Amino acid sequence: NTIMNQKAFTLIELLVVIGNDMYKLIKFTYYNIALGIVIWLIFLLYKINFWLAFAGAIIIIYLFIIITSKVLNYINN
C-alpha cells in the first residue's frame, strides 16, 4: 500500500516538473518572438527616419513592458 502511495506521489511530482518546464519554455519562446518583433519594428522605423525610430523605440519599449506583464500573468494562471 505504501508503494502505491509512493508511485502516485512520484507521478504528481513529475506532472509539476513538466508544468514548470513548459512554463519556462513558453516564457522563453514569448521573449524571443517579442524581442524579434520589437527589433524589427525599430529597424523599420530607422529606415524611415532616425528620430522616428528614437520616439518609436520609447513607445515600443513601454508597450513591450505593459504587454509582457499581462501575457506572463495570463500564462502563469
Side-chain angles (χ1 to χ4, degrees):
N1 207 3
T2 59
I3 294 173
M4 293 276 290
N5 291 338
Q6 184 69 23
K7 285 185 180 178
F9 185 69
T10 306
L11 181 61
I12 292 170
E13 280 182 338
L14 180 65
L15 291 175
V16 168
V17 168
I18 290 172
N20 287 338
D21 287 343
M22 186 60 85
Y23 173 71
K24 288 179 186 177
L25 178 67
I26 292 171
K27 186 176 169 182
F28 179 75
T29 305
Y30 167 76
Y31 272 114
N32 280 326
I33 292 171
L35 288 174
I37 291 171
V38 165
I39 291 170
W40 176 74
L41 283 172
I42 292 172
F43 277 130
L44 185 67
L45 291 174
Y46 181 74
K47 286 182 181 179
I48 298 170
N49 188 347
F50 172 77
W51 292 109
L52 183 62
F54 184 76
I58 293 171
I59 294 169
I60 290 170
I61 290 170
Y62 173 75
L63 289 174
F64 175 76
I65 293 169
I66 298 292
I67 292 171
T68 298
S69 66
K70 291 183 180 185
V71 167
L72 292 180
N73 283 335
Y74 177 76
I75 292 171
N76 200 16
N77 295 331

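Positions are given from 1 along the sequence. Every heavy atom of this structure was used, including side-chain atoms; hydrogens, water molecules and symmetry mates were not. Model, not experiment: these values are computed from the prediction.
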* Go through the steps to decide whether Leu35 and Phe64 satisfy the test side-chain contact (heavy atoms from CB on, under 4.5 Å), and finish with yes or no. => CA-CA 9 Å; Leu35 288 174; Phe64 175 76; 3.8 Å; yes
Full working for side-chain contact (heavy atoms from CB on, under 4.5 Å) between Ile33 and Thr29
CA-CA 6 Å; Ile33 292 171; Thr29 305; 3.8 Å; yes
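Rounded to the nearest 0.5 Å, atoms CG (Leu52) and CD1 (Ile42) are 11.0 Å apart. Taking CG of Leu63 as the start and CD1 of Ile59 as the end, the distance is 7.5 Å to the nearest 0.5 Å. The line from CD1 of Ile37 to CD1 of Ile60 is 10.5 Å long, rounded to the nearest 0.5 Å.
Ring orientation note: the planes of Phe50 and Tyr46 are nearly perpendicular, at an angle over 60° on the 30°/60° scale.
Hydrophobic clustering keeps Ile58 apart from Ile67 (ILVMFWY residues linked when any side-chain heavy atoms are closer than 4.5 Å, directly or through intermediates). Hydrophobic clustering of Ile, Leu, Val, Met, Phe, Trp and Tyr side chains at less than 4.5 Å, counting indirect connections, unites Ile48 with Val38.
No side-chain N or O of Tyr31 forms a donor-acceptor pair with one of Thr68 less than 3.5 Å apart.
Through direct or relayed side-chain contacts under 4.5 Å between Ile, Leu, Val, Met, Phe, Trp and Tyr, Ile39 connects to Phe43.
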